[in-house]
Amino acid sequence: MPDGYSSSKKNDGNWDDVCGQEASKMTQIRCMMQTLDIRSFVVLFLVIPIGFMGIYFHGQKITYFLRPLWQSPPKPFIPIPHYYHENVSMDSLCKLHGWKLRDYPRKVYDAVLFNNEIDMLTIRWKELYPYITQFVLLETNSTFTSIPKPHYFAINRERFDFVKPRLTYGTIGGRFMKDENPFVEEAYQRVALDHLLKIAGIEDGDLLIMSDVDEIPSAHTIDLLRWCDGPPSIVHLNLNNYLYSFEFKVDHSSWRASVHQYQKGKTRYVHYRQTDYLLVDSGWHCSFCFRKITDFVFKMKAYSHTDRVRFTHFLDPKRIQNVICNGDDLYDMLPEEYTFKDIIAKMGPIPHSYSAVHLPSYLLNHADKYKYLLPGNCIREAG
């Protein structure tokens, strides 16, 4: 046989001998590669890397989509029908609810933790002003994620002179605990708000509104609860749920806002479920309803769910502006639902709504000033 052929066979034999013996790591890899066919190459170098990339970029979506498999829905609320018309007397409204008209209204305290939502606070306090005994506001120099921040309310305090005689304002220093769960800082601030309420003079039997600044009870809801005897001592408020502005109505499922008949030593200012009773159609929750793009960026980095900012490009101003106008999700997340039916139904952009009926009166009376909150005005100021 030709010498070349003999040499080739000899080399192959040597290579087989090498693969059968202890060899260097590089030699082991080359031996392994020799045994792979085309399908193995596709799986090893295409399917598996793509799978890892998919999990890295969309793992949260996968988890949310599979949520119905590992988490049951919470216990349903007991809905309380809500009756209201401006031409119906309070005595009749109380009777429609199965309640009784009081001889005089209860005192009402509206207490909030404040971050930077100046416009939302203005709309809230203007809506509730006629029926609030004392406005109670606490702010700190730290976000829930321990980012230093100015006292935005103090800086803009002159805008709220209309509540000055009825305002209890307090500040508290941030704890700035590195790598701490943001919900711990949030709980710390809510405990401080409990103390501020005592300074404000709240007493047993007074009504206390517990809600975030952007969870706004309607004025007639609070008026009803202060005038009627018979409502549950704790009741959650079902609010219409909006995102970015009143153009994007998500659903009617906001429930964390609540009203309490205050009990000394028992009532605690919290933001989770505290009762099964839910008074339907009781106001508005306008989440991420900011005038400036910089405010969106600040909140995304500042609030308790900061872990949702998985990639830095989520904070890009151009991206945020496009997300707002399209009604998309800022965090590129799937809906937080408990059934596949509800998840699929809410996937994709929020439909545009062009109704501005039954919104806070101050907002409509000052539409030019708050135009960005109304349908057809999605463009935001840069900052």
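Heavy-atom minimum distance, V280 versus P79: CG1-CB, 4.0 Å. Here the shortest heavy-atom pairing between S287 and D214 reads CA-OD2, 3.7 Å.
Salt bridge status for R175 with E180: present, with a side-chain N to carboxylate O gap under 4.0 Å. Under the 4.0 Å criterion applied to side-chain N and carboxylate O atoms, R190 and D212 are assigned as salt-bridge partners. The pair D368-K371 does not meet the salt-bridge criterion, since no charged nitrogen lies less than 4.0 angstrom from a carboxylate oxygen.
Geometrically, K299 engages F288 in a cation-pi contact, judged by NZ or CZ lying under 6.0 Å from the ring centre and within 45° of the ring axis. For the pair R102 and Y104, the distance from NZ or CZ to the six-membered ring centre is under 6.0 Å and the angle to the ring normal is within 45 degrees. Annotation: cation-pi geometry not satisfied between R256 and Y272 (NZ/CZ under 6.0 angstrom from ring centroid, within 45° of ring axis). For the pair R319 and F314, the cation-pi test (distance below 6.0 Å, angle within 45°) is passed. For the pair R273 and F77, the cation sits on the ring face: its NZ or CZ lies under 6.0 Å from the ring centre, inside 45° of the axis.
Under a cut-off of 6.0 angstrom, the local environment of OH in Y277 is sparse, with at most 12 non-hydrogen atoms contributed by other residues, nucleotides or ligands. The environment of K346 atom NZ is dense: over 12 non-hydrogen atoms of other residues, nucleotides or ligands sit within 6.0 angstrom. Within 6.0 Å of atom NE2 in H358, 12 or fewer heavy atoms from other residues, nucleotides or ligands are found, so the atom counts as exposed in its surroundings. Counting heavy-atom neighbours within 6.0 Å of K95 NZ, excluding the residue itself, gives a total of 12 or less.
Interatomic distance, CG of L96 versus CG of L224, reported as 9.5 Å (0.5 Å rounding). We find the CG-SG distance between L373 and C289 to be 6.0 Å, quoted to the nearest 0.5 Å. Note: Y83 OH to D281 CG = 13.0 Å, rounded to the nearest 0.5 Å. Rounded to the nearest 0.5 Å, atoms CG (L137) and CG (L121) are 6.0 Å apart. Between H260 atom NE2 and I202 atom CD1 the span is 10.0 Å, to the nearest 0.5 Å. Atom CZ of F114 and atom CG of N156 lie 7.0 Å apart (nearest 0.5 Å).
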Starting from the C-alpha separation in whole Å, work towards a yes-or-no answer on side chain to side chain contact (heavy atoms under 4.5 Å, CB included) for V213 and N115. CA-CA 9 Å; V213 170; N115 189 26; over 6 Å; no
For R106 and T133: C-alpha separation, side-chain torsions, deciding distance, then whether side-chain hydrogen bond (donor to acceptor under 3.5 Å, both in side chains) applies. CA-CA 9 Å; R106 296 177 186 270; T133 306; over 6 Å; no
Take E127 and H220 through the side-chain hydrogen bond (donor to acceptor under 3.5 Å, both in side chains) test and state the conclusion after the steps. CA-CA 9 Å; E127 174 73 15; H220 67 79; over 6 Å; no
Please test S89 against D91 for side-chain hydrogen bond (donor to acceptor under 3.5 Å, both in side chains), starting from the C-alpha separation and ending with a verdict. CA-CA 5 Å; S89 69; D91 183 38; 5.3 Å; no
Applying side-chain hydrogen bond (donor to acceptor under 3.5 Å, both in side chains), run through R166 and Y129 and close with a yes or a no. CA-CA 10 Å; R166 289 190 259 162; Y129 181 80; 2.8 Å; yes
Report the C-alpha distance between I78 and L278 in whole Å, list the side-chain angles of each, state the deciding distance to 0.1 Å, and finish with yes or no for side chain to side chain contact (heavy atoms under 4.5 Å, CB included). CA-CA 6 Å; I78 301 171; L278 182 71; over 6 Å; no
Show the numbers, then the answer: is there a side chain to side chain contact (heavy atoms under 4.5 Å, CB included) between M120 and F290? CA-CA 8 Å; M120 277 292 108; F290 295 117; over 6 Å; no
Test F296 against L315 for side chain to side chain contact (heavy atoms under 4.5 Å, CB included), laying out the working first. CA-CA 8 Å; F296 283 83; L315 303 175; over 6 Å; no
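Annotation: side chain of R380 is in contact with side chain of Y244 (closest heavy-atom distance under 4.5 Å). Taking 4.5 Å as the limit, some side-chain heavy atom of T171 sits within range of a side-chain heavy atom of Y169. Residues F135 and F160 are not in side-chain contact: their nearest non-hydrogen atoms beyond the backbone lie 4.5 Å or more apart. Within the 4.5 Å cutoff, the side chain of D295 has heavy atoms near those of the N116 side chain. In this structure, L113 and E139 have side chains that are not in contact, with every pair of non-hydrogen atoms separated by 4.5 Å or more. Counting heavy atoms from C-beta on, the side chains of E117 and Y152 never come closer than 4.5 Å. Looking at heavy atoms from C-beta onward, S353 lies out of side-chain contact with F248 at the 4.5 angstrom threshold. In this structure, the side chains of K75 and D276 come closer than 4.5 Å at one or more pairs of heavy atoms.
For R124 (side chain) and E215 (main-chain N/O), a donor-acceptor pair under 3.5 Å exists by modelled atom type. N326 places no side-chain N or O within 3.5 Å of a backbone atom of D328 that could act as its donor or acceptor partner. A donor-acceptor pair under 3.5 Å is absent between the side-chain atoms of Y370 and the main chain of L364, judged by distance alone. Side-chain N or O atoms of H97 include none that pairs as donor or acceptor with a backbone N or O of W99 at under 3.5 Å. For the pair T140 (side chain) and G174 (backbone), a donor-acceptor distance under 3.5 Å is present. D194 places no side-chain N or O within 3.5 Å of a backbone atom of R268 that could act as its donor or acceptor partner. Side chain of S92 to backbone of V88: no donor-acceptor contact under 3.5 angstrom is found. Checked by atom type and distance alone, the side chain of D206 never pairs as donor or acceptor with a backbone atom of Y262 at under 3.5 Å. Checking side-chain atoms of T145 against main-chain N and O of K301 turns up a donor-acceptor pair under 3.5 Å.
The hydrophobic clustering, which links ILVMFWY residues whose side-chain heavy atoms are closer than 4.5 Å, places W227 and I234 apart. Cluster membership check: I147 does not share its hydrophobic cluster with L138, using side-chain heavy-atom separations under 4.5 Å among Ile, Leu, Val, Met, Phe, Trp and Tyr. No continuous path of hydrophobic side-chain contacts links Y242 to V323 [ILVMFWY only; heavy atoms under 4.5 Å]. Both I123 and I132 are members of a single hydrophobic cluster when ILVMFWY side chains are connected at heavy-atom separations under 4.5 Å. I216 is connected to I118 through a chain of hydrophobic side-chain contacts under 4.5 Å among Ile, Leu, Val, Met, Phe, Trp and Tyr, so both are in one cluster.
The distance between the ring centers of H285 and H252 does not fall below 6.0 angstrom. The aromatic ring centres of F183 and F144 sit 6.0 Å or more apart.
Looking at S258, S282, S254 one by one, the single match for side chain to side chain contact (heavy atoms under 4.5 Å, CB included) with H236 turns out to be S258. For the side chain to side chain donor-acceptor pair (under 3.5 Å) with D119, the lone residue among K369, K292, R159 that qualifies is R159.
Every side-chain hydrogen bond (donor to acceptor under 3.5 Å, both in side chains) that H352 has, sequence neighbours left out, goes to E247.
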